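Here's a structure for you.
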Amino acid sequence: MTQDTSAKKTRRARTRSFQAEVRQLLKLMIHSLYSHKEIFLRELISNASDACDRLRFEAISRPELLADDPELSIALEFNAEEGWVEVSDNGIGMSEDEVIQQLGTIAKSGTSDFLAGLSGDEQEDARLIGQFGVGFYSSFIVASRVEVLTRRAGLPAEAGVSWSSEGQGKFTVKGAPGLRRGTSVRLYLKDGERNFAEPFQLRSLIRRYSDHIAFPVSMPGMGGEEDGEGAEPPREIVNTAQALWTRPKREIKPEEYNEFYRHVARDSEDPLCYAHNQVEGRREYTSLLFIPRRAPFDLFNRESPRGVKLYVQRVFIMDDAEQFLPLYLRFVRGVVDSRDLPLNVSRELLQQNDDVRAMRQALARRVLDMLDRLVGDDADGYQEFWNEFGRVLKEGVVEDSGNRERILQLLRFATTASQDDAQSETLADYARRKQDDQNEIYYIAAATPSAARSSPQLEVFTQRGLEVLLLSDPVDEWVIGHLGEYESLRFRDITRGALTADELPGTAPVQVADIVDREDAAALLRRMKSVLGDEVSDVRSTARLTDSPSCLALGEHEMGVQMQRILRATGQELPDSKPILEINTGHGLFKRLALREGDAELFEDLTRLLHEQAMLTQGRELDDPGEFVRRVNRLLEN
Ligand code: ADP
């Protein structure tokens, strides 16, 4: 019944509009990918291969779907004179609703944000669009018109659908009864792109980009015309047609791994590195894992798909099987092919399966091995990796305590000893450079590396030549909090708690005599506290500062600044605790306070200014910025 009505509703051609995001993507793509036109072929063959994979998977429980056409394959046809090229498969196909949905919209969440964020710089945008994944729509780079004929496996012959579009914002859908199972996509090439209908060109593109596809990709064979009138030319299989990971490692060239990666990860760039392992013994499986060169646009979206493509005995089972890798390695892409899992395994089953858990641990170690190798073989490559994915890998310190020691070696930091804000120093570097009597690793957390680097709290450390880690990723305080120590060096937040000059290693600089008498200073600090009331929990003198007049210190048990910022940004209540205002009693401004003690108004202005400056250098917001500006102007005029 339902099939009847769906056949009826498609009889008449109906024109529809592409989703706005598709229109935008089409425009951008045609504009920025013109120098990589040939990618359309790889994308279409990749889709055809996925369609065959999905049919083989559905046929595990419904063998009748394969029916009288059990050999899954991909075929190219072309006609140089008429200027078209066609990619066909006998895979899963699409129903009418699926065609409208899948070839008229983009399902990825965050797409409009992604498109809005493109820079207008052609090269950069081309790279980003490549990473986003252009897929089917890349046909319009070379085609002035695209026609798709498709029939979903399991639906009757009348359920065939034709889809066509000139890529200008609209597409037309119409019933096409009598189609065979699967999909064919025909591209009518633009003038100037007709070379893509030449067999020589097509053959070399398939060999270059699609050799790893596990299904045979065929073309009409050479010399076919001589076979006489009406006879089908013999077909030539152009690719190796064997799942890449099942081939012996030594026979696979790096370019083949790279092309395979582009297919699995839908990335336009080569991976940074890969690891291919065939495991035998109690559990038998093959893994082929890749680390991408660039982070996807949705790396920090917890909902975005992650994980590997899962195969069981070479049969594709599912995309994005996230159970095979821990969350902190969610950037890893690739394939796992198990010999032991049941073919009908579900996501729920994967979650509970002990073998899967053991495989996840083994795969995590493989990824860490791969990163260790990268550190050793290609330091720049590792730095590139860290810049893209360091923020994610760090989570492993908390998530994967079993591998904590290994992950620690992989961490990279910006420090006061490095030239720029790049995160490029290891904890081992720090430990090697530390002073003999130093038993702590100093760190400071701020919103940006430059804010960390210009914090007044660093002054005494700089003066004594003590290195400080400059932390600026939102997860840093949380990660360090879990670390406690590294090679028995305790981590210490240099903005927290009291700090006296004699507890620091290094040579103390020659003491400049305090300008203000000790007892007078204490009385002044008390008076400052009474001016500020409960805006601060205390006002005290400090050894932290050498140049600045004031700074804020956290109480021993107060929440760190990053954590506070995260809570504020998510609109959560902050625990009620006030920072301590610390004063450099050797500073000229403090001397000025002492001298002009009698002028109550000036005393209050200077006190408040010292507090406000301390807030600002720590990236905090002032309660009343207008009053702050008036105060500064008053003082400037005086
Ligand atoms: P992607 O393949 O990255 O999802 P595409 O734009 O290339 O994106 O394709 C969109 C969707 O259209 C696919 O996810 C798939 O559902 C469907 N599709 C494309 N080509 C085929 C095909 N040859 N057979 C069946 N479905 C297809």
Side-chain angles (χ1 to χ4, degrees), residues 18-19 21-26 28-30 33 39-59 65 69 72-77 85-111 114-115 129-141 143 146-155 159-165 167 171 173 176 179-187 209-210 213-215 217 261-268 296-298 304-306 309 316 318-320 333:
F18 284 119
Q19 181 196 29
E21 282 88 347
V22 176
R23 288 202 296 272
Q24 212 180 338
L25 179 70
L26 280 171
L28 281 162
M29 211 174 50
I30 294 167
L33 292 182
I39 60 165
F40 80 89
L41 190 65
R42 165 178 95 203
E43 301 290 320
L44 294 180
I45 294 178
S46 191
N47 281 348
S49 162
D50 288 351
C52 293
D53 265 341
R54 287 178 49 207
L55 175 58
R56 197 161 56 178
F57 171 67
E58 285 196 16
L65 290 181
D69 188 9
L72 295 169
S73 65
I74 300 165
L76 260 72
E77 302 286 345
V85 57
E86 181 179 286
V87 178
S88 317
D89 63 72
N90 58 351
I92 191 79
M94 287 175 271
S95 68
E96 182 188 359
D97 289 346
E98 285 169 334
V99 170
I100 293 171
Q101 187 60 33
Q102 282 152 9
L103 305 185
T105 63
I106 303 177
K108 286 178 214 175
S109 64
T111 299
F114 165 80
L115 291 169
I129 291 175
Q131 244 171 290
F132 176 80
V134 287
F136 169 78
Y137 299 112
S138 62
S139 311
F140 290 102
I141 304 175
V146 176
E147 281 180 14
V148 179
L149 293 174
T150 184
R151 176 165 71 78
R152 181 76 160 82
L155 293 186
V161 194
S162 120
W163 177 103
S164 66
S165 173
F171 62 90
V173 176
L179 294 179
R180 63 167 212 162
R181 181 192 76 213
T183 304
S184 71
V185 180
R186 183 181 286 197
L187 276 52
Y209 293 127
S210 308
I213 294 291
F215 301 95
V217 180
Y261 163 77
R262 288 162 180 251
H263 166 67
V264 232
R266 302 274 151 133
D267 193 345
S268 64
F297 72 102
D298 53 359
S304 52
R306 60 189 183 85
K309 246 177 155 52
F316 167 77
M318 64 178 82
D319 279 311
D320 313 319
R333 314 305 302 269

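One-based numbering, in listed order, for ligands and for the atoms of each. Everything numeric here is computed off the predicted structure, so don't read it as measured data.
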So is there a nitrogen or oxygen of Tyr137 less than 3.5 Å from a nitrogen or oxygen in ligand 1?
no
Region of Glu98 engaging ligand 1 - heavy atom pairs below 4.0 Å:
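The answer is neither.
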Numbering the atoms of ligand 1 from 1, which are under 4.0 Å from a heavy atom of Arg266?
1 (P), 2 (O), 3 (O)
How far apart are the closest heavy atoms of Ile74 and Cys52, and which atoms are they?
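In terms of heavy atoms, the two residues are closest at CG1-SG, 4.5 Å.
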In ligand 1, which numbered atoms sit nearer than 4.0 Å to a non-hydrogen atom of Leu103?
12 (O)
Carboxylate-amine/guanidinium proximity below 4.0 Å for Lys309 and Asp319
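Looking at Lys309 and Asp319, the cut-off is met.
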Would you name the heavy atoms of Val217 and Leu76 that are closest together and state the gap between them?
CG1-CD1, 4.0 Å
Determine the minimum heavy-atom distance between Val85 and Phe40, stating which atoms define it.
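So the two residues come closest at CG1-CE1, 4.4 Å.
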Note: Asp89, heavy atoms under 4.0 Å from ligand 1, region reported as side chain
Which atoms of ligand 1 sit under 4.0 Å from any heavy atom of Phe136?
5 (P), 6 (O), 7 (O)
Would Asp97 and Arg152 pass as an ion pair if we require N to O under 4.0 Å?
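Arg152 and Asp97: not salt-bridged.
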Arg181 and Leu72: which non-hydrogen atoms are nearest, and at how many Å?
NH2-CD2, 3.7 Å
Ligand-side contact atoms (ligand 1) for residue partner Arg54, heavy atom cut-off under 4.0 Å
16 (O)
Below 3.5 Å, N or O to N or O, backbone or side chain included: is there any such pair between Gln102 and ligand 1?
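Indeed, backbone or side chain, Gln102 has an N or O that close.
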Of all the heavy-atom pairs spanning Leu103 and Tyr137, show the shortest one and how long it is.
C-OH, 3.4 Å
Ligand 1 contact on Glu43 by region, counting heavy-atom pairs under 4.0 Å:
neither
Test ring pair (Phe, Tyr, Trp, His ring centres under 6.0 Å) applied to Phe215 - qualifying residues, sequence neighbours left out
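If we apply the ring pair (Phe, Tyr, Trp, His ring centres under 6.0 Å) test to Phe215, skipping adjacent residues, there are no hits.
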For ligand 1, which part of Val185 has a heavy atom less than 4.0 Å away: the side chain, the backbone, both, or neither?
neither
Do protein heavy atoms approach atom 13 (C) of ligand 1 to less than 4.0 Å?
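Within 4.0 Å of atom 13 (C) of ligand 1, no protein heavy atoms are found.
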